[in-house]
Amino acid sequence: PWYVVNGTIDFSYNGMVNASGSWWYLNQNKVDTDFTGLALNEYGWWYMNAGEIDFSYTGLGYNEYGWWYVDNGTVDLSYTGMAQLGYDWWYVTNGVLDRDYTGMTVYDGNWYYLINGFLDRCYEGLADNEYGWWYIKNGMLDFSYNGLADNEYGSWKIINGAVDFSAYGIQYDYHTNKWYYFNGGSVATSYNGLAQNEAGWWKITKGQVDFGYTGFAGNDAGIWYIINGAVAFDYTGTVDATIVSNGRAENHQHSWVHH
């Protein structure tokens, strides 16, 4: 098709024209089959593929003003969410690619974590949304994960992909094969002392059950003899001149005691 003004072909014309049942993008009045991107007519911005309007396209399109969200061939300024460009996914706010966005968003039933507007498939760690803190693997919320995960605030207990802020006391982690002491969902790395679970009383060192510790440790109830991390309630005898009765030190030196 050619663009004609007052019966004369206008060889300087650049833009869209409606002809032969479709819309075309002309460059100096010739269909530009090398052009793929956004073009403007009196009805809005449209996605052109090899010089012809493509009503089947949904994704991102480019013009001199930036990247825009296209829905069925037309720019949609009402859209906020994820959009695809090639093999990559980006975050769009009000129809515009938003490189300032960092956070979680839901798309097609799944939650994703984007950094600077980009879905990083290599990202693994924690992220938050309005419903809580979550474990992200390969850029997507992983509801199957149970274990520990770290962020700048500490190490956290994860159950079914969510941080379990209700976790308190001594609990086992299968991934690390260790026992940890939790306070409000996080490993209490500042805690050194004794703590109890259903199996007994244990020596905690920097938030972990210290199975390598043998010696004395105290709590409000007294000073106790520890063997391999556990209070030795079945021990009665003498340890380094300290009399121990049912695990409790009867005459102790405070300098020996680990709190």
Side-chain angles (χ1 to χ4, degrees), residues 102-106 111-115 120 122-235 239 242 244 246-249 252-259:
T102 295
M104 295 181 66
T105 190
V106 63
W111 282 92
Y112 298 91
Y113 181 66
L114 296 93
I115 302 173
D120 183 357
C122 295
Y123 180 81
E124 183 173 350
L126 295 175
D128 68 315
N129 62 11
E130 60 268 35
Y131 304 109
W133 282 86
W134 305 89
Y135 178 73
I136 309 297
K137 184 177 182 180
N138 299 327
M140 185 171 69
L141 195 161
D142 183 358
F143 288 108
S144 70
Y145 182 74
N146 295 281
L148 292 179
D150 297 339
N151 66 5
E152 63 268 32
Y153 305 111
S155 295
W156 301 85
K157 183 176 179 62
I158 313 299
I159 296 180
N160 297 328
V163 172
D164 180 14
F165 292 105
S166 69
Y168 285 88
I170 299 172
Q171 298 188 30
Y172 180 68
D173 177 63
Y174 291 92
H175 288 272
T176 59
N177 193 30
K178 294 180 180 179
W179 290 84
Y180 294 91
Y181 182 72
F182 291 91
N183 184 13
S186 67
V187 176
T189 55
S190 63
Y191 183 73
N192 297 283
L194 296 176
Q196 184 183 28
N197 68 3
E198 60 274 14
W201 283 85
W202 303 88
K203 174 65 172 70
I204 309 299
T205 302
K206 296 181 178 179
Q208 292 187 35
V209 174
D210 188 352
F211 293 105
Y213 181 77
T214 294
F216 290 93
N219 61 11
D220 293 339
I223 305 301
W224 303 89
Y225 182 52
I226 314 298
I227 299 176
N228 297 328
V231 174
F233 291 109
D234 59 350
Y235 182 82
V239 179
T242 297
V244 178
N246 295 323
R248 181 172 179 171
H252 63 273
Q253 301 292 326
H254 285 285
S255 60
W256 299 355
V257 177
H258 289 245
H259 291 279

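Just so you know, these numbers use all the heavy atoms, side chains as well, and skip hydrogens, waters and symmetry mates. Being a predicted model, the structure only gives us computed values, none of them experimental. We're numbering straight along the sequence, starting at 1.
Rounded to the nearest 0.5 Å, atoms NE2 (H175) and CG (N146) are 6.5 Å apart. Atom OH of Y181 is separated from atom OG of S190 by 10.0 Å, given to the nearest 0.5 angstrom. The distance from atom CG of D150 to atom CD of E124, rounded to the nearest 0.5 Å, is 10.5 Å. Put simply, CG on D210 and CG on N228 are 10.0 Å apart, with the number rounded to the nearest 0.5 Å. In this structure, the separation between OG1 on T105 and OH on Y112 is 10.5 Å, given to the nearest 0.5 Å. Note: W133 CH2 to M104 CE = 10.5 Å, rounded to the nearest 0.5 Å.
The closest side-chain heavy-atom distance from W156 to Y135 is not below 4.5 Å. You'll find the side chain of F182 stays beyond 4.5 Å of the side chain of D173, heavy atoms only. Proximity of L194 to I226: side-chain heavy atoms (C-beta onward) are separated by under 4.5 Å at one or more points. For the pair N183 and Y191, the minimum side-chain heavy-atom distance is 4.5 Å or more. Side-chain contact between T242 and Y225: absent, with no pair of heavy atoms (C-beta onward) separated by less than 4.5 Å. Proximity of N197 to W179: side-chain heavy atoms (C-beta onward) are separated by under 4.5 Å at one or more points.
Each of F233, W201, F216 was checked for a ring pair (Phe, Tyr, Trp, His ring centres under 6.0 Å) with W224, and the lone residue meeting it is F233.
Across every non-hydrogen atom of K203 and A217, the tightest pair is CD-CB, 3.9 Å. The minimum heavy-atom distance linking V209 with I170 is given by the pair CG2-CG2, 3.9 Å. Scanning all heavy atoms of the two residues, the minimum distance from A127 to Y113 falls at CB-CD1, 3.4 Å. In this structure, M140 and W111 approach most closely via the heavy-atom pair CG-O, 3.3 Å. The nearest pair of heavy atoms linking V187 to G207 is CG1-O, 3.7 Å. Contact record, G218 with I223: CA-CD1, 3.7 Å, taken as the closest heavy-atom pair.
Using a 3.5 Å distance cut-off with no hydrogens or angles, the side chains of Y172 and N177 do pair a donor with an acceptor.
With hydrogens and angles disregarded, no donor-acceptor distance shorter than 3.5 Å links the side chain of D142 to the backbone of I136.
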Determine all donor-acceptor pairs shorter than 3.5 Å in which one atom belongs to a side chain in residues 157-169; sequence neighbours excluded.
from, atom 1, to, atom 2, distance (Å)
K157, NZ, Q171, OE1, 3.4
D164, OD1, S166, N, 3.1
D164, OD1, S166, OG, 2.4

